[in-house]
Number of protein chains: 2
Amino acid sequence: MDTAPPSPATPGKTEGLRDRKRRETMQRIAETGLRLFMENGFEATTLDAIAAAAGIARRTFFYYFKSKEDVLLAWQGSGFVEAIGPALLQEPTDQSPLAAARHCLLTLTARFETKASIAADTLLRSTETLRARKLAKMVDMERDLAQVMAERWPDRAAEELRVAAMLAIGALRLAQEEWRLDHAAHPDTARPLAEHLKATFALLDRQVPSTA
Amino acid sequence: MDTAPPSPATPGKTEGLRDRKRRETMQRIAETGLRLFMENGFEATTLDAIAAAAGIARRTFFYYFKSKEDVLLAWQGSGFVEAIGPALLQEPTDQSPLAAARHCLLTLTARFETKASIAADTLLRSTETLRARKLAKMVDMERDLAQVMAERWPDRAAEELRVAAMLAIGALRLAQEEWRLDHAAHPDTARPLAEHLKATFALLDRQVPSTA
DNA sequence: GCGCGAATTCGCACTGAGTGCGATATCAAA
DNA sequence: TTTGATATCGCACTCAGTGCGAATTCGCGC
């Protein structure tokens, strides 16, 4: 468990002892949960088991997480999501928003392929609701991305940027899918996510206009 | 409740008395459920209430639906989903797959705007998991669409068609969003879904290539 | 018509997630 | 040191969903 642990939004203040303990506890729950999920599966792991293993009362669990699913969801693209906004703000504005997003995602995907997030991703496919909630998180990401784009390209229409964000995140989603299949088929010679993403963006360029 | 009710996959056979009863019961549960959801909200409606109102035992409910959510989900784009495949197979192949999908969706959205499906859509936004599962259903639609495209354009690469399907369903999703906002803001002068969809596709054409 | 096998309906008891309430403990700051 | 907010916990409760098996109904071949 050496990778970026999920953490609550840091309000950018010098944190006291209390805040630190809080973060540590949440982090311990998240790590314990992920470990137990990996060992016994998501559904077979009860809340009591997580609470016990994390050294807290069952009731306290719900002080930190709204549901069992949220523990796993906290790992979904952990770090990645938070990094997109800042990364996009670094991009030069002399390119299209979509091109900027493409560049960002290619850079970030090359970095964020941690053991924990990959394991979480596998678990995320074990249940219908988990799969669904992962998709919902990607749509949230999409909306956030459009929001950041609107700051960076204030002259562009919001709907246009929303579409650009949809394309970028959609490409990311399909690339992840291809990447997973690639790994399942050729565990050894599988290419990294970034390459799949590049290929998907290339296909994207040849698809439009929709009236051709 | 005069609109297309959700029904299990019809295996295209002359159905006996048993099959008919089965369909009727499932339909009654779906309609009762939707009605109670509309009256009291999704979470406030218990399974016991649905079962009682539908005239079945609680246990029998689970013979027809896997979960409470599935009752509502059955209404999500009811009829629409099933119509896409056949409609796409009607399209001439001298246009691009994306153009064909665009044409299909524009035609279908003009038709499927029933009271029930709109009501279901509102309910679908009342809970996080419901919202998530709706998105999951759209991704399923996306996959199906790509599958049908592969039949109709066998010379095209599967990945390319997968991207095309992503674009089409993504546009549909964004158009639905715009449409909902439009209705919320101007309940009277709101434009139909098909128009929003057309606009979204127009924006789509101007977004790529991603390297511009 | 008769009866066999499958489909359907149902009851009961059980697990486990999630909530409401309130009591207690801990910590930060005045 | 007091005080108020934060954190921890236990208890009892509701409700979704499952396992099991009994009872019923129905389609169909004989």
Side-chain angles (χ1 to χ4, degrees), chain A residues 7-11 13-30 32-33 36-37 40-74 123 126-130 132-133, chain B residues 7-11 13-30 32-33 36-37 40-74 123 126-130 132-133:
Chain A
S7 60
T10 321
K13 263 296 188 63
T14 50
E15 63 177 6
L17 185 145
R18 213 160 200 165
D19 298 302
R20 187 171 51 84
K21 271 192 111 177
R22 181 172 162 76
R23 263 199 319 105
E24 282 173 356
T25 303
M26 173 170 276
Q27 183 173 324
R28 186 156 32 88
I29 297 174
T32 306
L36 292 181
F37 292 155
N40 313 326
F42 180 79
E43 291 184 293
T45 305
T46 74
L47 278 180
D48 294 282
I50 299 176
I56 57 170
R58 167 193 169 69
R59 198 63 184 79
T60 304
F61 172 90
F62 290 104
Y63 184 78
Y64 285 93
F65 291 93
K66 276 177 58 186
S67 70
K68 195 169 81 166
E69 290 188 351
D70 284 340
V71 175
L72 193 48
L73 262 298
L123 262 338
S126 67
T127 293
E128 179 57 30
T129 50
L130 282 174
R133 295 209 48 191
Chain B
S7 61
T10 321
K13 264 299 189 60
T14 50
E15 64 176 5
L17 185 146
R18 212 160 201 166
D19 298 301
R20 187 171 51 83
K21 271 191 110 176
R22 181 171 163 74
R23 260 198 323 104
E24 282 174 357
T25 304
M26 172 170 277
Q27 183 173 324
R28 185 154 34 85
I29 297 174
T32 306
L36 292 181
F37 292 155
N40 313 326
F42 179 78
E43 292 185 292
T45 304
T46 73
L47 279 179
D48 293 282
I50 300 176
I56 57 171
R58 168 192 167 70
R59 198 62 184 80
T60 304
F61 171 91
F62 290 104
Y63 184 77
Y64 285 94
F65 291 92
K66 275 177 59 188
S67 71
K68 196 169 83 166
E69 290 187 351
D70 284 340
V71 174
L72 192 50
L73 261 299
L123 262 337
S126 66
T127 293
E128 180 56 30
T129 51
L130 283 174
R133 294 208 51 188

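Chain naming here is simple, since letters A, B, ... match the order of the sequence lines and numbering starts at 1 in each. On a predicted model such as this, the values are computed, not experimentally measured, just so you know. Values below: every heavy atom of this structure, side chains too, minus hydrogens, waters and symmetry copies.
Distance alone, capped at 3.5 Å, is enough to place a donor-acceptor pair between the B/Arg28 side chain and the B/Ala54 backbone.
B/Tyr64 comes within 4.0 angstrom of the backbone, heavy atoms only, and of no base. Nucleic acid contact for B/Phe65: none, since no nucleic acid atom lies under 4.0 Å from a heavy atom of the residue.
Between B/Asp48 atom CG and C/dC10 atom C1' the separation is 14 Å, expressed in whole Å. In this structure, the CD1 atom of B/Ile56 is 22 Å from the P atom of D/dA23, given to the nearest Å. Going from atom CG of B/Asn40 over to atom C1' of D/dC15 covers 16 Å, rounded to whole Å. Per the geometry, CD belonging to A/Glu43 stands 12 Å off P belonging to C/dG16, to the nearest Å. Atom-to-atom, NZ of B/Lys68 to P of D/dT18 comes out at 14 Å; the value is rounded to the nearest Å. C/dA17 atom C1' lies 10 Å from atom CZ of A/Phe61, rounded to whole Å. Taking atom CD on B/Glu24 and atom P on C/dA7, their separation rounds to 19 Å, with Å as the unit. Separating the CZ atom of B/Arg22 from the P atom of C/dA7 is a distance of 10 Å, rounded to the nearest angstrom.
For C/dT8, neither phosphate oxygen OP1 nor OP2 lies less than 4.0 angstrom from any side-chain nitrogen or oxygen of B/Lys21. Of the side-chain N and O atoms in A/Tyr63, none sit less than 4.0 angstrom from OP1 or OP2 of D/dT6. Residue A/Ser67 places no side-chain N or O under 4.0 Å from the OP1 or OP2 atom of C/dA17. Of the side-chain N and O atoms in A/Thr46, none sit less than 4.0 angstrom from OP1 or OP2 of C/dG16.
Considering all non-hydrogen atoms of both residues, B/Arg133 and B/Leu73 come closest at O-CD1, 4.0 Å. Taking every heavy atom of both residues into account, A/Ala74 and A/Phe65 meet most closely at CB-CE2, 4.2 Å. Closest non-hydrogen pair, B/Ile29 versus B/Val71, comes out as O-CG1, 4.2 Å. In plain terms, the two heavy atoms of A/Tyr64 and A/Arg22 that are nearest each other are CE2-O, 3.6 Å.
For D/dG17, the base has a donor-acceptor partner in the side chain of B/Arg58 [N/O atoms by modelled type, under 3.5 angstrom]. Contact of B/Arg59 with D/dG19 (side chain to base): a donor-acceptor pair of N or O atoms is detected under 3.5 Å.
The nucleotide whose nearest atom lies closest to any side-chain atom of A/Phe62 is, among D/dC9, D/dA7, C/dT19, C/dT19.
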